[in-house]
Each structure stands twice: as structure tokens, then as C-alpha cells.
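Written below as C-alpha cells is the structure these notes are about.
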2 protein chains.
Amino acid sequence: MALEKTTPIDRGRQSPTVVEIAKRAGCSIATVSRVLNRPEAVAIDLRERILRIVDELGYVPNGSARALRSSRSRLIGLIVPTLDAAIFTRMLEGLESRLAPAGASLVYSATGYDLDRETRVVRNLIEKGVDGIILVGSCHRKETLKLLREHRVRFAVTYALSDDTSIPSMGFDNRSGGALAANYLADLGHRHLAVIAGITRDNDRAAGRLEGFLTMAERRGIDRSSIVVVESPYEFSRGRAAAKIILNQNRNVTAIFCGSDVLAVGAMRGCKDAGLSVPRDISMIGFDNLDIAEYMTPGLTTVDVPARLMGEQAANYFLADNSSLDIHARVELETRLIVRDSTAPANDRQ
Amino acid sequence: MALEKTTPIDRGRQSPTVVEIAKRAGCSIATVSRVLNRPEAVAIDLRERILRIVDELGYVPNGSARALRSSRSRLIGLIVPTLDAAIFTRMLEGLESRLAPAGASLVYSATGYDLDRETRVVRNLIEKGVDGIILVGSCHRKETLKLLREHRVRFAVTYALSDDTSIPSMGFDNRSGGALAANYLADLGHRHLAVIAGITRDNDRAAGRLEGFLTMAERRGIDRSSIVVVESPYEFSRGRAAAKIILNQNRNVTAIFCGSDVLAVGAMRGCKDAGLSVPRDISMIGFDNLDIAEYMTPGLTTVDVPARLMGEQAANYFLADNSSLDIHARVELETRLIVRDSTAPANDRQ
DNA sequence: GAATGCGATGTAAACCTTTTCATAGCGCGG
DNA sequence: CCGCGCTATGAAAAGGTTTACATCGCATTC
């Protein structure tokens with residue numbers, strides 16, 4: 001199943017090219033090209049004549065030819081684990097809002113949290129000639145980075161800060177985010193904690209959030225080994241199931257930290273299923289601060305992530321010319337705790 | 001602000017091309033090309049020798065050159081109003097799941113519900129050389145369609161069925177969806193209705209849902225002019241505000257139909273703000289059946305939209321070769337009512 | 001054993017731009 | 001009035017692939 005494999009090219013009356021424009025304007029194609037790319041380099045009257053003809057003919061430049069010759073496609077690849085559940089859409093909007101005015105477009109690909117698939121996707125995007133690639137997280141296959149380096153494709157990492165400072169990243173410290181949650185729960189007097197983390201394998205963000213939470217909990221005097229940890233894919237239904245398991249097996253847990261709002265929303269439902277009330281019986285903290293968090297009942301306390309900002313900053317990086325590149329190459333952003341109604345002082349049962 | 005405008009091309013030790021492969025394999029570049037595109041046309045041993053060299057050198061074909069020569073880019077443009085709030089992400093996932101295995105990628109653009117911007121975006125995508133474009137809804141500027149036609153770009157419409165049957169569409173009847181909601185509310189005995197519709201100007205989906213609702217309500221004996229209608233952009237906060245306005249000014253309304261789950265989620269909050277309980281005092285119906293609908297408290301009754309399916313069907317259409325094109329050119333899908341806990345028999349106050 | 005046809009490979013053109021280098025025109029300082 | 005430098009334009013090459021067409025060798029058929 002390939003794209004129009006069988007039939008030959010049939011463009012009938014072809015779209016006009018720069019040759020046609022030049023012929024009508026009585027100038028060379030070089031001049032037409034100049035008008036399109038650096039208008040100020042062409043005398044005003046000739047320029048306007050050409051522009052008029054361009055308009056009349058509805059001429060649209062051929063991006064493939066341009067990309068081939070200039071090796072600049074104005075395409076930026078975006079590789080995210082998934083676009084489900086709006087987790088990454090906020091970043092995407094930030095990216096797009098900056099890229100579109102500059103005439104650049106986003107090529108979207110999903111990996112489904114599979115790093116090998118990520119490698120293939122990167123290859124595919126390089127083949128498409130993208131000028132740059134945006135990745136999520138700083139955990140990638142060696143082959144992925146090799147591909148990127150060998151083909152000299154600009155790339156950046158989001159949703160995390162790369163340990164390797166040579167890798168451009170616009171993100172935040174996931175550990176600090178997790179710590180924020182642990183700290184707040186400790187403040188509220190919770191001693192019996194549980195975590196519904198994302199799958200930490202191959203996922204530095206999920207691992208970081210969990211690690212940050214556990215470390216801070218320990219620092220606040222809670223025995224690390226007493227904390228119940230469950231890992232789940234980021235799906236509502238999985239959060240729900242995880243909460244039920246936790247609550248059935250550990251009747252004394254009074255607070256659950258979730259590695260994503262998606263899990264938290266599911267977990268809140270799981271609590272309800274188990275006949276427990278949030279926040280009276282169980283406090284719940286999420287991560288991401290998705291739009292929906294504010295509209296849940298109760299409103300979800302969560303760790304806010306600068307998603308849109310990351311998108312904008314990544315766009316800045318890809319739009320920067322080589323001279324100002326390093327200025328934009330590392331942007332450290334902050335998470336912050338958004339307190340709503342899903343958290344309350346510990347209410348130890350039994 | 002343009003992409004690397006200042007600096008010249010500097011690729012240092014260049015990526016290998018088909019010429020290098022041919023040289024090493026001792027064959028012509030045509031044969032290399034054939035191995036890559038129609039392997040079965042090349043003798044097995046030569047083929048494997050070439051493939052080995054391709055692998056060793058980490059050769060990646062230059063998509064721009066391929067696209068230029070073959071006028072096939074394996075890029076599909078997706079134009080949606082927004083990706084916020086996950087309204088269209090389900091369709092996107094459907095698309096991507098089918099496109100990726102075929103080596104095709106999605107170029108994403110947003111219009112922010114602005115049809116003039118849509119025209120510009122279409123131009124931009126044509127310039128990028130996309131093989132096809134996916135639009136949302138069947139309401140577009142004349143210039144948009146002209147652009148598409150003149151440049152012979154395959155395109156299709158989703159989330160609606162085009163009246164013009166010459167326009168490929170994979171969607172559903174928004175009016176039927178609205179009717180489903182009205183019918184159900186009438187069944188439950190509601191007589192005092194309100195609608196929070198999307199902005200209907202330039203939006204056939206929003207208009208269709210509203211129209212379908214009103215028409216069915218009338219058919220069920222409810223005076224059309226008695227129905228309170230408010231239009232709001234698809235944002236949680238706007239739904240919330242709209243609900244408050246409706247409830248303040250019309251104390252006898254017992255049910256609200258929202259043109260999107262986003263509005264409904266906001267409106268449920270608005271009801272709570274107004275001290276009214278859903279569904280005891282007010283029944284609420286949304287539209288879209290977003291994932292989150294199931295996880296709200298109460299679970300949101302809503303009209304399910306075959307989002308993922310539309311994406312898959314659109315992908316099928318773009319992957320089809322010219323001969324089987326018409327088979328996939330029109331796919332009529334169904335909406336259905338998903339009953340949850342946000343609706344109950346009418347409970348007329350005062 | 002000649003004619004035919006087919007399968008495998010090579011040659012070279014074409015796709016449409018951008019960009020380098022050359023050229024022409026012109027004003028200006030000496 | 002010469003030569004210099006600067007600006008506006010043109011000529012032509014280059015970018016990497018696909019593909020129509022030519023070629024060559026070999027097997028098959030009569």
C-alpha cells in the first residue's frame with residue numbers, strides 16, 4: 001500500500017514555474033527567484049511587475065526543488081510519544097504559533113513510547129528533509145543520536161533537561177516536580193503514600209518524577225520502602241485500575257501522587273469505585289496541569305508543566321540563525337505546584 | 001526571522017548519495033534507485049549487495065530530490081481548527097496509525113477557526129508539496145478550493161459530509177447528532193431547553209449540531225423559540241460562563257445541550273457554581289465523546305463521534321491508488337448517543 | 001539455428017529552484 | 001576622461017533522484 005504507486009505523473013496543464021514567470025516578465029529566472037527570496041535586491045519596478053505576474057498566475061513555488069537546492073525545507077519534525085489525552089498538545093500549539101508565521105510547518109510523528117520506533121521515525125523524518133527535530137525526553141537509542149549527528153540535523157529535547165549539555169534542551173527538572181508533590185503531601189501530614197508512576201523503563205520523565213518524589217518523601221522522614229509504587233501507561237483506565245489495586249491492598253494509604261494528570265483523573269475515579277472520597281479519605285496529586293485538571297470534581301491539585309513555553313522556546317531555537325544558536329540552546333524552565341481541591345490534611349483511617 | 005538565512009550550506013563530509021552507492025556496488029545509479037523502489041526488478045544477488053552497502057553507509061534517500069522528480073512527497077497535510085483540548089487528536093491518531101506504516105507523514109497546521117487563515121495554510125502546504133490535504137468541515141473559502149483544484153492536490157473533508165458529492169468526505173451528519181440529543185431529552189420529559197453551541201459562523205459542524213437539535217426539539221413538540229441558545233468558542237471557561245448566563249436568566253431551564261464536550265465540561269462546572277446539581281436539577285449532554293467524558297463526575301452523556309475511524313478512512317483515501325480512489329472517496333459514518341449520568345428525567349423547579 | 005521475447009541493467013534527461021560568477025551600466029573621484 | 005566600485009541583472013551549474021528508452025544477453029520456440 002503505497003502512495004499512487006501505479007499511475008504515472010499526470011499533471012495535465014502544469015502549474016506555472018519560475019520559467020513561465022520569467023518569460024512573461026521578460027527577465028531571467030534568477031531575478032524571479034530573487035524577487036521571491038530577497039525582494040530588496042531587485043529594482044522596484046521590475047519587482048512589482050514580477051509580483052503582479054506571480055499573483056495573476058497563482059504561482060506557488062515548488063518546495064521540493066527549493067529544498068533540494070538550498071537544503072532547507074522549512075519543515076520541523078516533532079516526535080512525541082502520543083497525542084492522546086492532550087498531554088503534548090499544549091506544547092504543539094506553542095510550537096505552531098511561532099513556526100507558522102515564519103513559514104515553517106510541523107511534521108508530526110508518534111512513537112507510542114517505543115524508542116526503537118523512535119529511531120525509525122527519525123530516519124523517516126531525515127529522509128523527508130526536515131530542518132530540525134524535536135524530541136521528548138533525553139532518553140534515546142544510540143542509533144537515534146547517531147542518525148541525527150551524521151546527517152547534521154538540528155535537534156532539541158523537551159520535557160526534560162539533558163545531562164549532556166551539548167544537547168540542546170528546553171525543559172524542566174522532572175525530579176523537582178516530583179519533589180514538589182512529596183513536599184506538599186508531607187506538609188499536609190500524610191505518612192502513608194502511594195505513587196502511580198508512568199512506565200519508567202525508557203522514560204526519563206516518568207523515572208525522574210518518581211525518583212524526585214521518593215527522595216523528597218524520604219527527606220521528610222517517610223520511609224522510602226513504605227511507599228507503594230505502581231507503574232501504568234498514561235491512560236485514564238489504567239489510572240483507575242491502579243488506584244483500585246493500591247487501595248485494596250493498602251487500606252492505610254492516604255495520598256496518591258500520579259505521574260500524569262491522565263493517571264490522576266483515572267485514579268480519582270478508582271477511589272470513587274472503592275467507596276473512598278477525594279480528598280476526605282484520599283488526597284490526589286497529578287502532574288502536567290492539563291486544562292481538564294481545573295474542571296474535575298474535585299479540582300485536581302497538580303504540578304504545572306510549562307508546556308506551551310517549551311514549544312515556543314523550541315521554535316525559537318529552530319528559527320534562530322547559526323550565529324545566535326547557542327543563546328537558545330538551553331532553556332531551563334520551572335514546574336510549580338497548583339493547589340486545588342483534591343488534597344487535604346491527612347485523615348488516617350483505622 | 002527565517003530558517004538559517006545567514007549562513008551558507010555547510011555539510012562538511014556530505015551524506016552519501018545514490019552515486020556513492022552505485023560506485024561501490026559497481027552498478028549504475030538507476031539500479032540503486034530500483035533496489036530502493038521496486039526491489040523485485042533487480043537480480044537478487046546484486047540487490048543484496050546494494051542493500052548491504054546502503055546499510056553500511058547509513059544511506060538515507062533525499063526526499064526533496066525524490067519529491068521533485070516524482071512529484072510525490074509522502075507528506076499529507078492536516079488542517080484542523082485547533083489541537084487544544086484533544087478535540088481532534090483522536091482523528092489524528094487514526095490517521096497517523098495508518099500513514100506511518102506506509103512511510104507517509106503528517107504535516108500539521110492549525111487555523112484557529114479562521115477560514116482566511118485556512119486559505120493561507122493551504123497555500124503553504126501546497127508549497128511544501130504535500131500529496132494531499134485533510135480539512136475539517138465542508139465550509140471553506142472559494143479561494144481555498146480553487147487553490148486545491150488548480151494545483152491538483154487531493155483533498156478530503158472530515159467531521160462532516162459535503163453536500164457537493166464531488167468533494168471526498170469521510171464524516172457524519174452533524175444534524176443527526178444534534179437530533180439524537182434533542183430526542184433523548186424529550187424522552188426524559190424535558191421541555192425547557194438550552195443550547196451552548198459552538199460559534200456557528202463559518203462552522204458547518206457547529207451550525208449543523210444546533211440546527212439538528214432545534215429541529216428535532218420542535219418535532220417533539222417543543223416551541224423552537226423557547227429554546228435558549230448561546231454560542232461560545234470551544235473552551236472550558238467559555239462553557240462555564242455560558243452556563244452561568246443561561247441559568248441566571250432562565251431559572252426554568254432543565255437541560256442543556258452543548259455543541260462539544262469541552263463546553264459541556266465547562267457548563268457542568270457552571271452549574272455547580274450556580275448551586276445547581278447535575279443531573280438532579282439540570283441534565284447535560286455533550287458532543288464528541290472525548291475520553292474525559294467518561295471520567296467526569298457525573299459521567300457525561302454525550303454524542304459519540306467516530307473520530308478515530310474518520311482518521312483511518314481518510315488515510316485509506318490518501319493511500320489508495322488512482323484506480324480505487326472513488327471507492328474510498330465518501331465514507332458516511334454514524335454518531336450515537338452515549339448515556340451516562342449527567343442526564344435524568346426532567347425535574348421542573350417552581 | 002534464426003527469430004523472438006523477456007528480464008536485467010545502463011544512459012541520460014528531467015524535475016524546479018537557488019546561487020555563484022560574470023557582465024553591463026553607471027556615477028564618481030582623481 | 002580613465003578607472004574604480006557598486007548595483008542590477010543574466011547565464012549556467014548544481015542539487016539527488018526517478019524514469020523513459022536503449023541495450024545486451026539469454027532462453028524459448030519453431
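Letters go in sequence order (proteins before strands), and every chain restarts at 1. Everything numeric here is computed off the predicted structure, so don't read it as measured data.
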| query | With no hydrogens and no angle check, do the side chains of B:T17 and B:N62 hold a donor and an acceptor under 3.5 Å apart? | reply |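 Checked: B:T17/B:N62 side chains show no N/O donor-acceptor pair below 3.5 Å.
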
| query | Does a donor on one side chain and an acceptor on the other come within less than 3.5 Å for A:S162 and A:D164? | reply |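 No - no donor-acceptor pair under 3.5 Å links their side chains.
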
| message | According to salt bridge (charged side-chain N to carboxylate O under 4.0 Å, His left out), does anything in residues 108-125 of chain A pair up with another residue at least two apart or in another chain? List the pairs. | response |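 Non-adjacent pairs meeting salt bridge (charged side-chain N to carboxylate O under 4.0 Å, His left out): A:D116-A:R141, A:R123-A:E127.
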
| field | Comparing A:V32 and B:A41 on DNA chain C - which has the more 5′ nearest nucleotide | value |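 Nearest nucleotide further toward 5': that of B:A41.
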
| query | What does the inter-axis angle of the helix from C:dG1-D:dC30 to C:dG30-D:dC1 come out as, five pairs per end, nearest 10 degrees? | reply |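 So the angle between the two local helix axes works out to 40°.
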
| Would you call B:R330-B:E332 a salt bridge at under 4.0 Å N-O? |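 Between B:E332 and B:R330 there is a salt bridge, with a charged N closer than 4.0 Å to a carboxylate O.
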
Between [atom2] on [N] and [atom1] on [X], what's the gap in Å once rounded to a whole number?
| X | N | atom1 | atom2 | answer |
| --- | --- | --- | --- | --- |
| B:N37 | D:dG16 | CG | P | 17 Å |
| A:L68 | D:dA14 | CG | C1' | 9 Å |
| B:R38 | D:dT19 | CZ | P | 8 Å |
| B:I44 | C:dG7 | CD1 | C1' | 15 Å |
| B:E20 | D:dT17 | CD | C1' | 16 Å |
| A:I50 | D:dA8 | CD1 | P | 13 Å |
| B:R47 | C:dT9 | CZ | P | 10 Å |
| A:I29 | C:dC16 | CD1 | P | 11 Å |

| field | ring-ring contact (aromatic ring centres under 6.0 Å, His included) involving B:F88 - partner list, sequence neighbours excluded | value |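 Expected list: B:Y159.
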
Identify whether any heavy atom of [X] sits under 4.0 Å from a base atom; if not, whether one sits that close to sugar-phosphate; answer base, sugar-phosphate or nothing.
| X | result |
| --- | --- |
| A:V19 | nothing |
| B:S33 | base |
| B:A43 | sugar-phosphate |

Tell me whether the OP1 or OP2 atom of [N] has a side-chain N or O from [X] closer than 4.0 Å.
| X | N | result |
| --- | --- | --- |
| A:N62 | C:dC15 | no |
| A:Y59 | C:dC16 | no |
| B:R72 | D:dT19 | yes |
| B:S28 | C:dG10 | yes |

| B:R69 (side chain) and D:dT18 (base): donor-acceptor pair under 3.5 Å |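 Yes, a donor-acceptor pair under 3.5 Å.
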
| request: Would you state whether a donor and an acceptor, one from the side chain of A:R34 and one from the base of D:dG10, lie under 3.5 Å apart? | output: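 Between D:dG10 and A:R34, which were checked side chain against base, a qualifying N/O pair under 3.5 Å is present.
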
| said: So if I take every side-chain heavy atom of A:R66 and compare against D:dT18, C:dT17, D:dG16, which nucleotide ends up nearest? | reply: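 Closest nucleotide to the A:R66 side chain: C:dT17.
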
| field | Residue B:C27, side-chain heavy atoms: nucleotide from D:dT9, C:dG10, C:dT17 that is nearest | value |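 Nearest to the side-chain atoms of B:C27, counting from C-beta on, is C:dG10.
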
| query | Can you list every ring-ring contact (aromatic ring centres under 6.0 Å, His included) pair that touches residues 41-64 of chain B, not counting sequence neighbours? | reply |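 Those involving residues 41-64 of chain B do not exist here.
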
| said: By the ring-ring contact (aromatic ring centres under 6.0 Å, His included) test, which pairs, at least two apart or in different chains, include something from residues 91-129 of chain B? | reply: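 Only B:Y113-B:Y234 qualify under ring-ring contact (aromatic ring centres under 6.0 Å, His included).
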
| 5′-ward residue of the pair B:S64/B:T31 relative to DNA chain D |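 Nearest nucleotide further toward 5': that of B:S64.
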
| Start at the 5' end of DNA chain D and walk down; is the nucleotide closest to A:E40 or to A:A30 reached first? |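 It is A:E40 whose nearest nucleotide is closer to the 5' end.
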
| task | Could you tell me which residues satisfy salt bridge (charged side-chain N to carboxylate O under 4.0 Å, His left out) with B:R47, sequence neighbours excluded, listed by chain and number? | result |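 Per chain and number, B:R47 pairs via salt bridge (charged side-chain N to carboxylate O under 4.0 Å, His left out) with no residue.
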
